[in-house]
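First up is the structure itself, then whatever we jot down about it.
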Amino acid sequence: GGSNFGVITEVQIKLHEQRPDAYVCDFIWTREQLPLLVKEINTWRETQAVDEMGLLMFCKGPQGPTILLILIKNADQAAGEASFKRFADLNPIAQAPKQVPWEQVCALGDPFVAEYCPRLTQGAFVEHLYPDILEKTYDEWLNVVTEGPASDTAVLYELYSTSKVSQVPVDATAYACRISHLPVLIGAFYSSDGNYTDEHAKQVTRRLKAVIETEPSGQSDGSETTQARICGYPNYADQFATESSINEDYSRLTFGPNYGRLQQIKKKYDPTMLFNKWFSIRPADIKGAA
């Protein structure tokens, strides 16, 4: 169905067997190590198993600006260490391997949302990790966190295996971006309400997104799927979800070739647009609808 068709009254899920814990290792790197690290990540991704994932982050750590790589394997410690030995061999400045209960693995992102702080997020997709682009992104991010109020801003590259999601046909569900690209989260985070303004947060996310999208995959060829991936993952698009003036344009890009069918569903279940937030879909019979 997509977003804003009404209130969810039932959810059906399929359960799978899951081991009680997973191997997790945090690696910390210097700016000088970034090109070699990115090269190794790209090599690893060529044979990345479906039970392996990672998060590459530019974030503020206890000691200041940090390049953090979190690698996870849904396996025991021996298997995890064998899979990620290639990264340990690059001599990170710190590493912390551990076996973590699965419930805690699922909560690794909680520190970003558990404690309130003023924020605005934006998303992007990247086809490949280019060392020179990541170096420029890191340098621009460092400027952001050291020169202004958005001192807790972070950039996060999600290193998931896309083999499963990309096997689902684009027209099988509302979500159109079933591609083998990596999601990127750009989060403008502020330490206090007094330092936050919408305009400054938007400038920060656009500034970083512009650097990230200087790679070839960021250039639109006009196709709907290309435009959708430039918009980034919808859950990260705070400003597009709340600004009605661009809401429909973003919805069309997000749902791509599925937008027309979603308009028919919207016409059937919510013709008056009672539910009109979070990427509104205009019913097919409303003036101006496709």
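No hydrogens, no waters, no symmetry mates; every other heavy atom, side chains included, goes into these values.
Asn91 and Gln33 share no donor-acceptor pair across their side chains, judged by distance under 3.5 Å alone.
Within a 6.0 Å sphere centred on NZ of Lys268, heavy atoms belonging to other residues, nucleotides or ligands number 12 at most.
In this structure Asp171 satisfies the side chain to side chain contact (heavy atoms under 4.5 Å, CB included) test together with Pro169, Asn258, Arg261, sequence neighbours excluded. Asn42 meets the side chain to side chain donor-acceptor pair (under 3.5 Å) test with His128; sequence neighbours excluded. With sequence neighbours left out, Glu140 forms a side chain to side chain contact (heavy atoms under 4.5 Å, CB included) with Asn143, Arg207, Leu208, Val211. Take Leu185 and apply the side chain to side chain contact (heavy atoms under 4.5 Å, CB included) test, not counting sequence neighbours, and it matches Thr121, Leu156, Tyr236. Looking at residues two or more places apart in sequence or on another chain, you find a side chain to side chain donor-acceptor pair (under 3.5 Å) between Lys85 and Asp89. Ala88 is linked by a side chain to side chain contact (heavy atoms under 4.5 Å, CB included) to Phe27, Gln95, counting only residues two or more places apart in sequence or in another chain. Residues passing the side chain to side chain donor-acceptor pair (under 3.5 Å) test with Thr173, sequence neighbours excluded: Arg178. Not counting sequence neighbours, Asp132 has no partner by the salt bridge (Lys or Arg N to Asp or Glu O under 4.0 Å) test.
Taking a cutoff of 4.0 Å between a charged side-chain nitrogen and a carboxylate oxygen, Asp238 and Arg119 do not qualify as a salt bridge.
No continuous path of ILVMFWY side-chain contacts below 4.5 Å connects Val165 to Val168, so the two sit in separate hydrophobic clusters.
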Only distances under 3.5 Å count here; give the side-chain donor-acceptor pairs of residues 57-70 to other protein atoms, sequence neighbours excluded, each with its distance to 0.1 Å.
from	atom 1	to	atom 2	distance (Å)
Lys60	NZ	Ser151	O	3.2
Thr66	OG1	Gly64	O	2.8

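The closest side-chain heavy-atom distance from Tyr130 to Lys136 is not below 4.5 Å. Looking only at side-chain heavy atoms (C-beta outward), Asp26 and Lys98 come within less than 4.5 Å of each other.
Screening residues 152-172 for ring pair (Phe, Tyr, Trp, His ring centres under 6.0 Å) gives no qualifying pairs among residues at least two apart or on separate chains. Sorted by first and then second residue, the pairs that involve residues 38-50 and meet salt bridge (Lys or Arg N to Asp or Glu O under 4.0 Å), not counting sequence neighbours, are Glu40-Arg86. Listed by first then second residue, pairs satisfying salt bridge (Lys or Arg N to Asp or Glu O under 4.0 Å) with a partner in residues 47-57 read Asp51-Lys73, Glu52-Lys73, not counting sequence neighbours.
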